Amino acid sequence: MLQIQTIRENAQFVIDKLKVKNVDATENISKILALDAEIRALKTSLDNNLMEQNRLSKEIGILFKSGKAADAAPLKDKIAELKISEKEDQTALDQKEQEIIDILVLLPNLPHDSVPVGFGANDNEIIHKEGDDSNMDETAVPHWDLVKKFDIIDFELGTKITGAGFPVYKGKGAKLQRALINFFLDSASAENYTEVQPPYMVNKDSAYATGQLPDKDGQMYHATVDDFYLIPTAEVPVTNIYRDVILKESDFPIKNCAYSACFRREAGSYGKDVRGLNRLHQFDKVEIVQIQHPYRSYQTLEEMRNYVMGLLRKLELPFRVLRLCGGDMSFTSALTYDMEVYSKAQQKWLEVSSVSNFEAFQANRMKLRFKDEETGKTKLAHTLNGSALALPRIMAALIENNQTDKGIVIPQVLRKYTGFDIID
RNA sequence: GGAGAGAUGGCCGAGUGGUCGAAGGCGCACGCCUGGAAAGUGUGUAAACGCCGAAAGCGUUUCAAGGGUUCGAAUCCCUUUCUCUCCGCCA
């Protein structure tokens, strides 16, 4: 959520920035400014009213103590009068505050200066490319056929047990996935990320704090009996560790990593992109989360990007890095890099990681702050996160790119985790 | 799931209707003391919001959350959430 103070002080700047995300906020911003002025006037009037009531109550207390209780009656009448206008102010205030929040919550985060203008995936800026992204010959087999041939992932079985998008990993397929998870977690630990195992279900407050609610309500599985949501990413529970927390500057940077299963309804996506492992309802991911001082968050974003690039390099996968354009960025993000690996058999780039700086947007919703040593004031911290990495598409690319006559060759870096060097 | 007890500041803990944002202790910060440190000692030690911005100052709110009684609630009543103990169930 944008800070009301930012809007109050830089309304035009906010409007201009939101245009980069293709949002015309002119009307909403002027509504917000009007409501904000009304709210402050009401607050002042209400505060003065309450102050008067408190003063009179104290007087009554003194009268009671000194045995002059009878003299209190006129004061009581006065308070009764004040209470009528208090109630009016309070009702109006509650209503206006709800109104302003209802609008604020719909405004996305402001994009960073470096974010290119654009409407969709085609407008993203390719800022880096690495590895051999030539295509394989015509005999190359897509992963959904390979996994069947080697009996390592069974989509039909998952459909029987649950439904489409819930595959069953078997034998060396299950082991390869576990190897990747361990490789990712060990790598993060080596970079001083503290490993956590979060809950896979969260309450409404948590889903709201990281921005899944109210914007992406329909994308999460909802366990209605207890009103819990299945997490779409570990970002949600891990970032919420720091909800309503005031940090010290010396706590920065906070670095957490977490493996979790992720659950996404993916309502509205059908067709070619959902084939095989490309888009699932349940998948595994290792997530890295950092909380940083506002001055250093962009430096941290670059570190995180470099870290993820390093993982892809070790896995010997061709990849590219995109700087997302305004139209393709998420609601909460100020700057996002996507990493895509090239699947030589599908002849397609597959998104395997998204690294973002949310600046103070999530922190504002979840009241994640720190004490500024210079001023002694509490200020909002910056939150960042990234996938490091999402498993299914990595699996798909490894299986496809490493197919040989003899089987699927396991990259060197994973062999100590898998215990085998080929799937055949 | 049933029965009971509880939830107070960074932590421990007092407070059962009035001047209580809250005693005391610990911790922390700064100072004194010391050659230096410990001990001792003094002072300070929450957040949000409003009063045109900043500072100062003033005010409002906050003792799990929400509602109620009262001129006045940490304190009384109701609801919810959570924690602990016992019983039941159980990986």
Side-chain angles (χ1 to χ4, degrees), chain A residues 1-14 32-101 104 197 199-209 223-229 237 240-252 254 261 360 363-381:
Chain A
M1 190 159 73
L2 295 175
Q3 290 164 266
I4 183 71
Q5 207 181 348
T6 310
I7 297 174
R8 194 187 297 153
E9 288 166 7
N10 309 297
Q12 194 53 49
F13 174 79
V14 170
I32 286 171
L33 291 174
L35 283 166
D36 181 49
E38 290 178 69
I39 285 170
R40 284 188 293 161
L42 279 168
K43 221 161 212 166
T44 304
S45 144
L46 184 65
D47 279 0
N48 289 335
N49 182 315
L50 290 171
M51 176 176 64
E52 185 64 8
Q53 286 192 46
N54 288 340
R55 196 182 62 78
L56 291 169
S57 286
K58 274 184 190 171
E59 269 184 44
I60 293 173
I62 293 164
L63 288 174
F64 268 73
K65 275 206 163 163
S66 55
K68 289 185 269 186
D71 296 349
L75 300 185
K76 285 193 190 183
D77 291 344
K78 228 176 200 170
I79 287 179
E81 259 175 63
L82 286 169
K83 276 199 183 299
I84 294 168
S85 61
E86 179 204 332
K87 194 154 195 189
E88 280 171 16
D89 284 354
Q90 189 63 61
T91 309
L93 186 63
D94 289 346
Q95 192 205 327
K96 304 267 181 215
E97 284 189 329
Q98 191 54 53
E99 273 179 53
I100 206 168
I101 285 186
L104 270 174
Q197 283 195 0
Y200 289 2
M201 291 198 218
V202 296
N203 59 31
K204 271 202 158 73
D205 286 346
S206 295
Y208 175 82
T224 53
V225 174
D226 295 293
D227 205 13
F228 292 151
Y229 292 88
N240 269 283
I241 293 173
Y242 304 96
R243 172 150 51 90
D244 285 320
V245 167
I246 299 175
L247 300 162
K248 296 189 293 256
E249 281 201 26
S250 57
D251 293 331
F252 293 130
I254 286 179
N364 190 34
R365 281 202 188 184
M366 70 170 80
K367 301 216 177 349
L368 163 51
R369 294 163 295 177
F370 70 99
K371 190 142 227 151
D372 188 317
E373 279 172 7
E374 246 174 80
T375 61
K377 296 255 179 197
T378 50
K379 288 173 35 180
L380 294 171

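Computation of the quantities below employed the complete heavy-atom set of this structure, encompassing side-chain atoms and omitting hydrogens, waters and symmetry-equivalent molecules. Here the structure is a predicted model, which means the values were calculated and not measured. Each chain gets a letter, A, B and so on, in the order its sequence line appears, and its residues count up from 1.
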Any side-chain N or O of A:N48 below 4.0 angstrom from OP1/OP2 of B:G59? no
Determine the interatomic distance between C1' on B:U85 and the same-named atom on B:A29; round to the nearest Å. 40 Å
Can you tell me, in whole Å, how much space there is between the P of B:G57 and that of B:A5? 47 Å
Within the pair A:R369 and B:A48, is there a side-chain N or O less than 4.0 Å away from OP1 or OP2? yes
Measure from CE on A:M51 to P on B:G50 and round the result to the nearest Å. 17 Å
With a 3.5 Å distance limit and no angle check, can you tell me whether A:N48 reaches the backbone of A:T44 through a side-chain donor-acceptor pair? yes
Using a heavy-atom cut-off of under 4.0 Å over every strand shown, decide if A:K377 touches base, sugar-phosphate, or nothing. sugar-phosphate
Taken to the nearest whole Å, CE/A:M366 to P/B:A47 is 20 Å
Close residues, residues 74-83 of chain A, relative to RNA chain B [heavy-atom separation under 4.0 Å]: A:K76, A:I79, A:K83
For the pair A:D36 and A:R40, evaluate salt bridge (charged side-chain N to carboxylate O under 4.0 Å, His left out) and give the outcome as yes or no after the intermediate values. CA-CA 6 Å; A:D36 181 49; A:R40 284 188 293 161; 3.6 Å; yes
Does OP1 or OP2 of B:C71 have a side-chain N or O of A:N54 closer than 4.0 Å? no
Using a 3.5 Å distance criterion without hydrogens, assess whether the side chain of A:S45 forms a donor-acceptor pair with backbone atoms of A:A41. no
Whole-Å distance separating the CD atom of A:E86 from the C1' atom of B:C71: 13 Å
Considering only the C1' atoms, how many Å lie between B:G59 and B:G4, rounded to the nearest integer? 44 Å
Under 4.0 Å between any heavy atoms, over every strand shown, what does A:L56 touch: base, sugar-phosphate, or nothing? Just pick one. nothing
Consecutive-pair stems (at least three Watson-Crick or G-U pairs, under 3.5 Å) that include RNA chain B: B:1-7 with B:81-87, B:10-12 with B:24-26, B:27-32 with B:40-45, B:46-51 with B:57-62, B:64-68 with B:76-80
